[in-house]
Participant: 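Okay, handing you the structure first.
Chain letters run A, B, ... following the sequence lines, proteins first and then strands; every chain starts at 1.
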Number of protein chains: 2
Amino acid sequence: MRLTTKGRYAVTAMLDLALHGTERPVSLADISGRQSISLSYLEQLFAKLRRNDLVSSVRGPGGGYRLSRGGHEIFVAQIIDAVNETVDATGCGGSSDCRQGEVCLTHHLWCDLSDQIHSFLSGISLAHLVERREVQSISARQEARSQQPDDTLSVAEV
Amino acid sequence: MRLTTKGRYAVTAMLDLALHGTERPVSLADISGRQSISLSYLEQLFAKLRRNDLVSSVRGPGGGYRLSRGGHEIFVAQIIDAVNETVDATGCGGSSDCRQGEVCLTHHLWCDLSDQIHSFLSGISLAHLVERREVQSISARQEARSQQPDDTLSVAEV
DNA sequence: ATATAATTGACTAAAATAGTCGGTTATTGC
DNA sequence: GCAATAACCGACTATTTTAGTCAATTATAT
């Protein structure tokens with residue numbers, strides 16, 4: 001399991017979907033606008049998310065993406081795995097012959113570590129994230145942004 | 001906290017130090033030979049490890065690096081932090097104004113996540129890794145490599 | 001003195017990340 | 001049927017990170 005900004009983009013986008021996709025599908029243009037992620041980059045990410053059956057798409061006007069199942073059945077680990085899609089979690093191929101016939105010194109360490117992080121992130125669902133108060137309030141602000149441009153962001157909110 | 005191959009290299013090298021550096025300092029050339037990491041790349045990594053006070057150096061013949069303290073006082077998290085040295089764990093600066101005055105949707109998630117992974121890796125010391133049977137056997141094989149070139153690596157060993 | 005080995009800095013190659021562009025296909029509403 | 005929408009697709013580019021090279025300098029043990 002690798003942890004980079006790419007996975008964060010994907011989780012952010014999926015969280016946006018979970019928050020705004022309850023009524024109708026959400027277009028990538030909308031997500032792009034709200035989360036400041038480039039549309040074309042989102043296209044790449046969602047191609048992978050769709051291939052991994054995390055989202056389904058609706059074409060044409062009014063179309064977009066929606067979660068392929070309930071937010072409590074989609075986990076952060078799945079999202080990160082989908083966009084990283086590096087099968088090779090250990091860096092040595094998992095084939096146990098990384099060091100020309102030997103197993104590299106930290107082979108087991110990284111397998112363990114990978115497992116631990118993976119199971120940790122497998123316990124966090126989108127629904128779980130949506131429940132967080134902070135996320136809800138931020139989302140509300142983002143929705144209201146067009147009406148009232150607030151420069152009065154208090155520290156308490158953050 | 002970012003998790004890439006760079007951190008794995010660093011941990012591997014430090015583990016090598018913990019295993020072979022009990023008597024005398026270990027030269028980067030030795031580590032390079034045993035772990036198949038390029039000497040110059042090790043130089044870069046150890047410059048950072050030294051700046052972060054995880055190793056101390058001894059110049060001249062018979063010199064090399066040793067752990068700056070006991071293996072039970074050096075943790076995987078510290079090693080990874082040292083070589084990544086991206087203070088910005090959240091990707092949005094932690095300054096809480098990533099989205100032009102707003103906090104990005106997953107800001108808290110990644111702070112949490114980062115904290116969890118960090119505390120997990122902060123619980124694993126080099127000494128802890130050395131105690132692992134697998135690591136010891138692999139290390140033994142690596143040390144003996146020059147005497148008996150073994151092509152008879154059984155699956156059970158792996 | 002000499003060999004060893006850290007230390008430094010500049011430079012390069014390859015890969016991953018992030019993003020652009022120009023199209024095509026399916027669908028909806030008029 | 002037509003136009004607008006928005007997914008879908010592939011090729012292409014820029015930036016950053018990773019990984020590694022090279023050439024020198026400095027300290028030190030013998």
Participant: Look at A:R2 and C:dT17 and indicate whether a side-chain polar atom (N or O) is within less than 4.0 Å of OP1 or OP2.
Facilitator: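 Affirmative; the distance criterion is met.
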Participant: Holding to side-chain contact (heavy atoms from CB on, under 4.5 Å), I want the full list of residues that pass it with A:D115, two or more places apart in sequence or in another chain.
Facilitator: none
Participant: Does A:I124 offer a backbone N or O that forms a donor-acceptor pair with the side chain of A:H128 under 3.5 Å?
Facilitator: no
Participant: Do A:I31 and A:L28 come close enough that some side-chain heavy atom pair is under 4.5 Å?
Facilitator: yes
Participant: C:dT7 C1' sits how many Å from B:L49 CG, rounded?
Facilitator: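 B:L49 atom CG is separated from C:dT7 atom C1' by 14 Å.
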Participant: Indicate whether OP1 or OP2 belonging to D:dA19 is found under 4.0 Å from a side-chain N or O atom of B:T5.
Facilitator: yes
Participant: Tell me: CG of B:L45 to C1' of D:dG20, nearest whole Å?
Facilitator: 11 Å
Participant: When you compare the protein's N or O atoms with those of nucleotides 3-8 of chain D, which come within less than 3.5 Å of each other, and at what distance?
Facilitator:
| residue | atom | partner | partner atom | Å |
| --- | --- | --- | --- | --- |
| D:dT5 | O2 | A:P61 | N | 3.4 |
| D:dA6 | O4' | A:G60 | O | 3.4 |
| D:dA7 | OP1 | A:L28 | N | 3.0 |
| D:dA7 | O3' | A:S57 | OG | 3.4 |
| D:dC8 | OP1 | A:R50 | NE | 3.4 |
| D:dC8 | OP1 | A:R50 | NH1 | 3.4 |
| D:dC8 | OP1 | A:S57 | OG | 2.5 |
| D:dC8 | OP2 | A:R50 | NE | 3.4 |
| D:dC8 | OP2 | A:Y65 | OH | 2.5 |
| D:dC8 | O4' | A:R59 | NH2 | 3.4 |
| D:dC8 | N4 | A:E43 | OE2 | 3.1 |

Participant: Figure out the NZ/P separation between B:K6 and C:dA14, and round it to whole Å.
Facilitator: 19 Å
Participant: Do any side-chain atoms of residues 46-59 of chain A form donor-acceptor pairs under 3.5 angstrom with protein atoms, and if so which ones, sequence neighbours left out?
Facilitator:
| residue | atom | partner | partner atom | Å |
| --- | --- | --- | --- | --- |
| A:K48 | NZ | A:V83 | O | 3.3 |
| A:N52 | ND2 | A:K48 | O | 2.8 |

Participant: Could you check how far CZ of A:R24 sits from P of C:dG29, rounded to whole Å?
Facilitator: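 Whole-Å distance recorded here is 12 Å.
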Participant: Rounding to an integer number of Å, can you tell me how far B:Q44 CD sits from C:dA6 C1'?
Facilitator: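 So the two atoms are 14 Å apart, to the nearest Å.
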Participant: Tell me: OH of B:Y9 to P of C:dA15, nearest whole Å?
Facilitator: 12 Å
Participant: For A:T22, enumerate each residue passing the side-chain contact (heavy atoms from CB on, under 4.5 Å) test, keeping only those at least two apart in sequence or located in another chain.
Facilitator: none
Participant: Does C:dT20 have its OP1 or OP2 closer than 4.0 Å to a side-chain nitrogen or oxygen of A:S38?
Facilitator: yes
Participant: Atom CD1 of B:I37 and atom P of D:dA19: how far apart are they, to the nearest Å?
Facilitator: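 B:I37 atom CD1 is separated from D:dA19 atom P by 10 Å.
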Participant: I need the NZ-C1' distance between A:K48 and D:dG10, as an integer number of Å.
Facilitator: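 After rounding, the reported distance stands at 14 Å.
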Participant: Listed by chain and number, what are the side-chain contact (heavy atoms from CB on, under 4.5 Å) partners of B:E73, not counting sequence neighbours?
Facilitator: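 Testing B:E73 for side-chain contact (heavy atoms from CB on, under 4.5 Å), a comparison that skips the adjacent residues, returns B:R69.
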Participant: List in chain and number order the residues that pass ring pair (Phe, Tyr, Trp, His ring centres under 6.0 Å) with A:F75, two or more places apart in sequence or in another chain; answer none if no residue qualifies.
Facilitator: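 Testing A:F75 for ring pair (Phe, Tyr, Trp, His ring centres under 6.0 Å), a comparison that skips the adjacent residues, returns none.
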Participant: When you measure from the side-chain N and O atoms of A:Y41 to the phosphate of C:dA18, is any distance below 4.0 Å, counting only OP1 and OP2?
Facilitator: yes
Participant: Between B:T4 and D:dT18, is there a contact of a side-chain N or O with OP1 or OP2 at under 4.0 Å?
Facilitator: yes
